[in-house]
Amino acid sequence: MNTELDKVYDPESFRKEGHILIDILADHLDRMQNLNETENTVLNFVKPADELTFWNNFNGTSPEDIFNTILERSIHLHHPHFMGHQVSAPAPLSALASLQGALLNNGMAVYEMGAAATALESYVINLFKGYFGYDSNADGILTSGGTIANLTALLCARSNTTQNDIWQEGTNEQYAFMVSEEAHYCIDRAVRIMGWGNNGIIKIPVDNNFRMKTDLLQSYLDDAKKKGIKVLGVVGSAPTTSTGIYDDLKAIGHFCEEHKLWFHIDAAHGGPAAFSSKYKYLMDGSELADSITVDAHKMMMTPALTTMLFFKNASASYRTFAQKADYLWNADDTEWYNYGKRTMECTKLMMSTRIYVLAQAYGVKIFKDYLDTCYDLAKEFARLIQDYPSFELAVEPDSNIVCFRWKEGPEESLNGENEKIRQHLLEDGKFYIVKTSLKGRIFLRTSLMNAKTTIDDLKKLLDEIMSIVKLFSI
Ligand SMILES: *Cc1c(COP(=O)(O)O)cnc(C)c1O
């Protein structure tokens with residue numbers, strides 16, 4: 001008997017180490033919710049080469065030492081001053097479902113390789129599809145991230161809207177999608193992966209509020225036709241990543257209906273607004289969409305990656321990785337339980353359980369409460385910024401993404417000032433925010449992802465920036 005391997009799989013060691021890890025993480029959560037001023041950092045910024053050197057020299061071997069060291073050297077999303085990128089501070093219960101999924105490791109590509117998680121995938125999709133105005137014809141899949149979900153949706157659109165059997169025969173036609181110039185870069189990538197090049201993405205300008213100018217769709221479509229480009233559809237952003245502003249989904253939907261175009265909504269961030277009576281107006285028009293991407297690891301408190309991709313017509317989704325000429329999809333139309341046929345992945349994570357456990361334990365209402373909390377806080381933050389004469393808001397927020405900038409001094413120096421502020425905050429570690437460039441102007445950008453962040457934390461952020469700028473001028 002190989003005793004080393006016996007040790008690897010020893011249940012009692014797992015129990016012991018598991019308790020150690022859970023204790024470390026529970027203590028961490030407790031610390032994040034009861035911070036004292038001296039150990040108040042979201043991250044301890046270390047240059048990449050130094051971090052690599054640290055790990056090259058690290059020789060801890062006990063799980064406790066390893067887990068603790070990784071924790072200390074990671075950014076803390078549960079810290080109320082984490083306001084940077086759009087990744088959730090996961091609900092601990094959902095993280096436990098991830099751990100269970102990691103140990104059971106059901107591969108999911110065919111039904112028997114994940115019976116419970118497969119049935120729950122269908123359950124979870126059905127639980128939410130109605131909020132988008134979808135009926136019993138709708139269906140969906142879970143997949144690893146908004147990037148892959150968007151690519152999958154565009155492939156599905158291609159299979160369902162073109163006459164040619166591109167899947168089997170390839171094509172020399174120039175196809176394209178229309179999308180706002182503020183859309184997430186993964187749409188651009190998806191189009192290029194499909195081989196459509198520069199002409200495959202037609203970027204529609206945005207208005208002063210960073211919303212797609214939907215009144216321009218017609219002229220851009222006419223222009224494309226003149227150039228021999230076949231536009232297959234339009235992608236609406238709900239919301240865009242940089243400013244968090246929702247496109248007018250109704251207007252895009254009606255335009256697509258009129259021209260028989262595929263309408264995809266990239267609601268990776270803000271799809272869950274549909275669950276909230278207060279904010280569901282932002283998703284008005286979702287019922288017109290052929291497909292919708294929603295990341296649960298952004299605004300539904302699950303660990304990454306957990307993404308839902310909804311289709312208005314279930315049958316369309318079976319054509320994603322095949323074409324009409326392919327006899328296979330037809331026969332398998334009802335095989336909803338073999339998800340591998342409709343997803344990019346073969347082996348896939350047990351994602352459904354991370355959403356399901358929250359819905360069962362706390363009720364679906366918990367997702368609405370979370371969204372309302374974050375979106376309400378952004379509105380409050382926008383009002384607070386207006387009380388500070390040294391700051392300006394980029395745009396009144398639709399969502400929990402708020403962009404603002406320091407505005408004291410000549411315009412030509414402001415990009416540099418705001419870059420310096422953000423760099424100082426990063427290296428200092430008391431707050432984590434990011435930056436974005438909007439129409440050539442650098443803005444500080446916050447995503448209020450943490451339900452424990454309060455307006456008081458945001459006031460502290462603005463005060464911190466005020467004192468940083470004072471430091472610069474000494
Ligand atoms: C985050 C985001 C994506 C990318 O999703 P991942 O899950 O990070 O792959 C795409 N589109 C929008 C609008 C997003 O906010």
Side-chain angles (χ1 to χ4, degrees), residues 75 77 82-90 94 98 132 140-155 157 177-193 201 203-204 206 210-212 233-249 252 263-274 279 282-283 285-286 289 291-310 343-345 348-349 351 354-355 371 374-375 378 395 397-403 434-436 438 445-449:
I75 185 164
L77 278 64
F82 173 85
M83 313 164 174
H85 288 291
Q86 301 151 270
V87 186
S88 75
S94 190
S98 274
F132 300 101
I141 56 166
L142 299 186
T143 193
S144 291
T147 299
I148 287 186
N150 286 332
L151 174 59
T152 307
L154 297 199
L155 285 167
F177 264 89
M178 304 206 288
V179 37
S180 132
E181 64 175 330
E182 284 290 329
H184 193 273
Y185 68 87
C186 71
I187 303 293
D188 186 277
R189 269 195 192 171
V191 159
R192 290 167 198 279
I193 289 168
I201 186 145
K203 293 195 175 159
I204 311 295
V206 295
F210 305 96
R211 207 167 261 125
M212 181 198 283
V234 184
V235 179
S237 302
T240 63
T241 303
S242 51
T243 58
I245 296 295
Y246 286 68
D247 282 338
D248 182 344
L249 303 176
I252 301 174
F263 176 27
H264 175 64
I265 302 180
D266 180 3
H269 181 86
Y279 291 107
L282 293 164
M283 287 298 292
S286 63
S291 50
I292 306 174
T293 293
V294 181
D295 276 349
H297 59 266
K298 283 179 178 166
M299 293 304 294
M300 290 175 71
M301 296 180 285
T302 74
L305 291 160
T306 313
T307 301
M308 301 188 280
L309 173 58
F310 296 91
T343 51
M344 194 74 74
E345 301 108 309
K348 175 169 109 164
L349 294 166
M351 288 178 256
R354 303 165 179 177
I355 302 173
L371 186 120
C374 299
Y375 278 32
V395 56
D398 270 351
S399 63
N400 54 334
I401 297 172
V402 183
C403 298
V434 295
K435 63 177 177 180
T436 189
L438 301 173
R445 177 172 171 278
T446 54
S447 303
L448 307 177
M449 305 299 291

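Both ligands and their constituent atoms are indexed starting at 1 by order of listing.
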Should we count CZ of Arg192 as having more than 12 external heavy atoms under 6.0 Å? yes
Any idea which atoms of ligand 1 are less than 4.0 Å away from a heavy-atom of His297? 7 (O)
among protein heavy atoms, the one nearest atom 10 (C) of ligand 1 is His184 CG, 3.3 Å
Can you label the angle between the Tyr375 ring and the His269 ring as parallel, tilted or perpendicular, going by 30° and 60°? parallel
For Asp248 and Arg211, the nearest pair of non-hydrogen atoms, with its separation, is N-CG, 4.2 Å
Non-hydrogen atoms of Cys186 versus ligand 1: any pair closer than 4.0 Å? yes
Only heavy atoms of Gly146, strictly under 4.0 Å: list the atoms of ligand 1 that pass. 5 (O), 6 (P), 7 (O), 9 (O)
Which of the atoms of ligand 1 are close to Ala268, meaning less than 4.0 Å from one of its heavy atoms? 2 (C), 3 (C), 10 (C), 11 (N), 12 (C), 14 (C)
Side chains of Met299 and Met449: closer than 4.5 Å at any heavy-atom pair? yes
Is the closest N or O pair between Pro239 and ligand 1 shorter than 3.5 Å? no
Atoms in ligand 1 with a heavy atom of Thr241 nearer than 4.0 Å: 12 (C), 13 (C), 14 (C), 15 (O)
If you compare all heavy atoms of Leu371 against all heavy atoms of Pro272, which two are closest, and at what distance to 0.1 Å? CD1-C, 3.6 Å
Near Gln86 (heavy-atom distance under 4.0 Å), the atoms of ligand 1 are 15 (O)
Shortest non-hydrogen contact from Pro239 toward Ser399: CG-OG, 4.1 Å
Specify the closest pair of heavy atoms between Val206 and Ser180, including all atoms of both residues, with the distance to one decimal. CG1-OG, 3.6 Å
Please determine if Lys298 has a nitrogen or oxygen closer than 3.5 Å to a nitrogen or oxygen of ligand 1. yes
So among Asn150, Leu151, Ile201, which one has a side chain to side chain contact (heavy atoms under 4.5 Å, CB included) with Val191? Ile201
Could you list which atoms of ligand 1 come closer than 4.0 Å to a heavy atom of Asp266? 10 (C), 11 (N), 12 (C), 13 (C)
Polar contacts were defined as any N/O atom of the residue lying under 3.5 Å from an N/O atom of the ligand; does this apply to Thr147 and ligand 1? yes
